[in-house]
Amino acid sequence: MFGNKMNKIAKYSGKGDADKLVGFLNDRKEDVRLAAIDALGKCSGDTPFNAVVPLIHNPDATVRIHAAGALCSLKQPRARTYLEHQRALEKDAGVMKAIDDALAHIQDDQN
């Protein structure tokens, strides 16, 4: 079953089907949730952005790291505001690095 979910995530990611990927964000398996976050970063539009933004404030540092990466991959300048806000609050060094990397990438994309 687990492999089947990962296959579905890969399939939906390839199609850019953010609506179906969002359904995996509440899966009980962490690897499935993280794969869904990463896959949403490969989609476009408001649905993946709106699904990932709240995750940058998730209590789990690993989720925040993946959310920062996904926001970076979405290449939407408006992600900068959410990342900067979380950067000001962040205490985890790994998350801070992920946010800094995302902010640097978003900055590079705007130039």
Less than 4.5 Å apart, side chain to side chain, heavy atoms only: is that true for [X] and [Y]?
X: L74; Y: L40; value: no
X: D101; Y: C72; value: no
X: I99; Y: L103; value: yes

Legend entry - N58: side-chain hydrogen bond (donor to acceptor under 3.5 Å, both in side chains) partners, not counting sequence neighbours: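 Result, side-chain hydrogen bond (donor to acceptor under 3.5 Å, both in side chains) vs N58: none returned.
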
Inset, instruction - Using side-chain hydrogen bond (donor to acceptor under 3.5 Å, both in side chains) as the criterion, list what pairs up with H57, not counting sequence neighbours. - result: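 Partners of H57 under the side-chain hydrogen bond (donor to acceptor under 3.5 Å, both in side chains) test: Q86.
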
Listed by chain and number, what are the salt bridge (Lys or Arg N to Asp or Glu O under 4.0 Å) partners of [X], not counting sequence neighbours?
X: D92; value: none
X: E30; value: none
X: D100; value: R87
X: R33; value: none

Inset, instruction - Determine which pairs satisfy side chain to side chain donor-acceptor pair (under 3.5 Å) with at least one residue from residues 14-23, sequence neighbours left out, and list them in order. - result: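 Passing the test, one end in residues 14-23: no pairs.
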
Legend entry - Selection residues 39-55 - residue pairs positive for side chain to side chain donor-acceptor pair (under 3.5 Å), sequence neighbours left out: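 Pairs touching residues 39-55 that pass the test: D46-R78.
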
Measure the [atom1]-[atom2] distance between [X] and [Y] for me, rounded to the nearest 0.5 Å.
X: L71; Y: R80; atom1: CG; atom2: CZ; answer: 12.0 Å
X: I9; Y: D38; atom1: CD1; atom2: CG; answer: 9.5 Å
X: H105; Y: L83; atom1: NE2; atom2: CG; answer: 12.0 Å

Inset, instruction - Quick one: list whatever passes side-chain contact (heavy atoms from CB on, under 4.5 Å) with I65, sequence neighbours left out. - result: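 Residues passing side-chain contact (heavy atoms from CB on, under 4.5 Å) with I65: V95, A98.
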
For the residue pair [X] and [Y], what are the closest heavy atoms and their distance?
X: S73; Y: G41; value: CB-O, 3.3 Å
X: D27; Y: K29; value: OD2-N, 2.9 Å
X: L25; Y: A51; value: CD1-CB, 4.0 Å

Legend entry - Partner of M96 under side chain to side chain contact (heavy atoms under 4.5 Å, CB included), chosen from R64, E90, K91: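 Result for side chain to side chain contact (heavy atoms under 4.5 Å, CB included) with M96: E90.
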
Inset, instruction - Could you pull out all residues at least two apart from F49 that satisfy ring-ring contact (aromatic ring centres under 6.0 Å, His included)? - result: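 Partners of F49 under the ring-ring contact (aromatic ring centres under 6.0 Å, His included) test: Y82.
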
